[in-house]
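Working notes for the structure below.
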Amino acid sequence: MPLVNTKEMFKKAYEGGYAIGAFNVNNMEIVQAITEAAKLENSPVILQVSAGARKYAKHIYLVKLVEAALADTDIPIALHLDHGDSFELCKACIDGGFTSVMIDGSHLPFEENIALTKKVVDYAHAHNVTVEGELGRLAGIEDAINVSEEDAMFTNPDEVEEFVKRTGVDSLAIAIGTSHGAFKFKPGQKPQLRFDILEEISRRLPNFPIVLHGASSVMQEYVKIVNENGGKMPDAIGIPEEMLRKAASMAVCKINIDSDLRLAMTASIRKHFNEHPEHFDPRQYLGVARNNIREVVRHKIRNVLGSSNKI
Ligand code: G3H
Ligand code: 13P
Ligand code: ZN
């Protein structure tokens with residue numbers, strides 16, 4: 001089967017009360033780990049490429065790796081641009097084989113976000129590519145913001161209908177308390193997601209797929225392994241998995257996870273070198289990393305997203 005866009009995936013996910021995992025890819029081992037996990041779980045999956053990943057690995061390598069994974073697994077895979085920041089970048093990805101793009105105008109004033117997003121939607125839809133827009137800003141503890149500032153960054157439900165109607169986006173990323181990276185909450189801080197805002201948004205946008213970024217749980221077992229093997233991850237916690245499960249049972253159809261895979265990869269390689277200082281064949285430590293990333297993705301699909309056996 002060819003690469004698919006997200007339309008059918010999201011329709012089924014919305015109706016079925018589960019979410020599709022969107023995992024970031026940067027190299028062959030990561031692509032293989034994610035798609036092998038999805039194949040084992042019989043689950044659709046989104047492989048997403050950031051501007052940084054595209055720069056690191058080159059567009060053509062990532063597209064060819066994803067095409068190889070598709071031929072190898074024969075599961076529904078969407079190839080998605082994560083956090084596109086310009087029309088030109090979105091166009092390059094659409095022209096270069098991506099089936100879904102995000103245009104992230106969340107930092108722009110409302111009218112400018114609409115204008116940029118609509119320009120991308122018009123081009124993308126003419127090429128059968130789906131588009132994710134964003135309203136609201138994600139913050140992290142490293143941003144040192146106070147509560148009233150934080151409130152102002154959550155997605156404003158009053159804006160969502162107009163944004164979706166005027167842009168024609170296929171899905172909308174919202175800010176309800178998640179944040180990017182491995183330092184989301186300090187230990188002892190109580191993680192909270194604004195489910196009231198999610199509910200209000202889905203009331204205003206019936207049958208419309210919502211996206212959550214910054215959804216890694218900062219898996220403590222891997223933080224521990226990193227730190228026991230010479231690493232220095234500060235004490236921090238992520239989004240509790242039961243909160244993500246709840247969001248997936250609501251209108252959230254796409255959940256973005258990157259940091260948990262980075263942690264699993266780094267932990268595996270650090271531990272491997274500590275245990276086998278004599279090894280210097282990359283297949284030894286990258287192979288272990290690939291196995292552990294695969295197990296993390298299987299766990300997310302089965303226990304958090306709920307997308308096992310949904311093909
Ligand atoms: O949200 C961003 C993703 O984790 C990708 O990160 O821009 O460092 O590739 P990156
Ligand atoms: P995490 O950093 O929480 O994994 O979020 C990834 C993400 O949102 C990619 O767009
Ligand atoms: Zn993101």
Side-chain angles (χ1 to χ4, degrees), residues 6 19-27 29-31 33-34 45-59 61-62 65-66 78-86 89-90 93 98 100-107 131-143 153 155 171-185 191-193 209-220 222-223 226 233-234 236-241 243-245 247-248 252-267 293 296-297 299-301 304-305:
T6 57
I20 310 293
F23 301 99
N24 289 71
V25 296
N26 295 281
N27 68 11
E29 283 77 10
I30 299 174
V31 169
I34 297 164
V45 74
I46 297 170
L47 300 179
Q48 55 186 12
V49 171
S50 69
R54 198 168 167 267
K55 200 168 164 197
Y56 171 78
K58 287 194 183 172
H59 182 104
Y61 285 84
L62 291 173
L65 284 171
V66 171
L79 175 55
H80 175 78
L81 169 65
D82 191 25
H83 293 283
D85 63 353
S86 67
L89 175 57
C90 292
C93 289
F98 283 42
S100 174
V101 293
M102 173 189 195
I103 176 69
D104 182 355
S106 58
H107 55 288
V131 180
E132 174 184 327
E134 177 162 345
L135 269 180
R137 303 251 312 274
L138 272 64
I141 50 176
E142 69 270 34
D143 293 333
M153 293 167 84
T155 304
S171 61
L172 182 68
I174 62 167
I176 57 166
T178 61
S179 59
H180 288 111
F183 317 111
K184 301 185 196 304
F185 303 100
Q192 269 181 340
L193 292 191
I210 298 300
V211 177
L212 277 192
H213 282 247
S216 281
S217 301
V218 190
M219 297 172 83
Q220 296 298 300
Y222 286 112
V223 173
V226 170
M233 297 297 300
I237 51 175
I239 313 298
E241 290 185 336
M243 287 191 188
L244 297 169
R245 180 83 277 286
V252 170
C253 295
K254 172 174 179 275
I255 292 189
N256 286 11
I257 297 173
D258 185 14
S259 296
D260 278 338
L261 308 194
R262 294 180 177 194
L263 271 173
M265 182 158 204
T266 303
I293 296 172
V296 169
V297 174
H299 160 72
K300 299 284 181 184
I301 287 175
V304 183
L305 304 158

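All values below were derived from every heavy atom in this structure, side-chain atoms included, with hydrogens, water molecules and symmetry-related copies excluded. One-based numbering, in listed order, for ligands and for the atoms of each.
- Distances below 4.0 Å separate heavy atoms of His83 from the following atoms of ligand 1: 1 (O).
- Contact check for Ile103 versus Val131: side-chain heavy atoms found under the 4.5 Å cut-off.
- Distances from the Zn ion (ligand 3) to the N/O/S atoms of His213 are shortest for ND1.
- Under a 3.5 Å cut-off, the side chain of Lys184 and the backbone N or O of Gly181 do form a donor-acceptor pair.
- At least one donor-acceptor pair closer than 3.5 Å links the side chain of Asp260 to the backbone N or O of Met219.
- Considering backbone and side-chain N/O atoms, Asn24 never comes within less than 3.5 Å of an N/O atom of ligand 1.
- For His299 and Glu241, the side-chain atoms include at least one donor-acceptor pair closer than 3.5 Å.
- Residues with a heavy atom under 4.0 Å from ligand 2: Asn24, Gln48, Asp82, His83, Ser179, His180, Gly181, Lys184, His213, Gly214, Ala215, Ser216, Asn256, Ile257, Asp258, Ser259.
- Looking at Arg137, its side chain never comes within 3.5 Å of a backbone N or O of His107 through a donor-acceptor pair.
- The atoms of ligand 1 that sit less than 4.0 Å from any heavy atom of Asp258 are 3 (C), 4 (O), 5 (C), 6 (O).
- Sorting the N, O or S atoms of His180 by how far they are from the Zn ion (ligand 3) puts NE2 first.
- In this structure a side-chain-to-backbone donor-acceptor pair under 3.5 Å is present from Arg245 to Val304.
- A distance-only check finds no donor-acceptor pair linking the side chain of Lys254 to the backbone of Ile20 [under 3.5 Å].
- For atom 2 (C) of ligand 1, the nearest protein heavy atom (residue, atom name, distance) is Asp82 OD2, 3.9 Å.
- Those atoms of ligand 1 with a heavy atom of Ser50 less than 4.0 angstrom away are 5 (C), 7 (O), 9 (O), 10 (P).
- Heavy atoms of His213 come nearer than 4.0 angstrom to ligand 1 in no pair at all.
- One N or O on the side chain of Ser216 and one on the backbone of Ser259 form a donor-acceptor pair closer than 3.5 Å.
- Side-chain contact check for Ile176 versus Leu212: some heavy-atom pair is nearer than 4.5 Å.
- At a 3.5 angstrom cut-off on N or O pairs, Asn26 does not count as close to ligand 1.
- Put simply, the side chain of Ser179 never gets that close to the backbone of Leu138: no donor and acceptor are under 3.5 Å apart.
- Looking only at atom types and distance, the side chain of Glu132 has a donor-acceptor partner in the side chain of His213 under 3.5 Å away.
- Residue nearest to atom 8 (O) of ligand 1, selected from Arg262, Lys55, His180: Arg262 (by heavy-atom distance).
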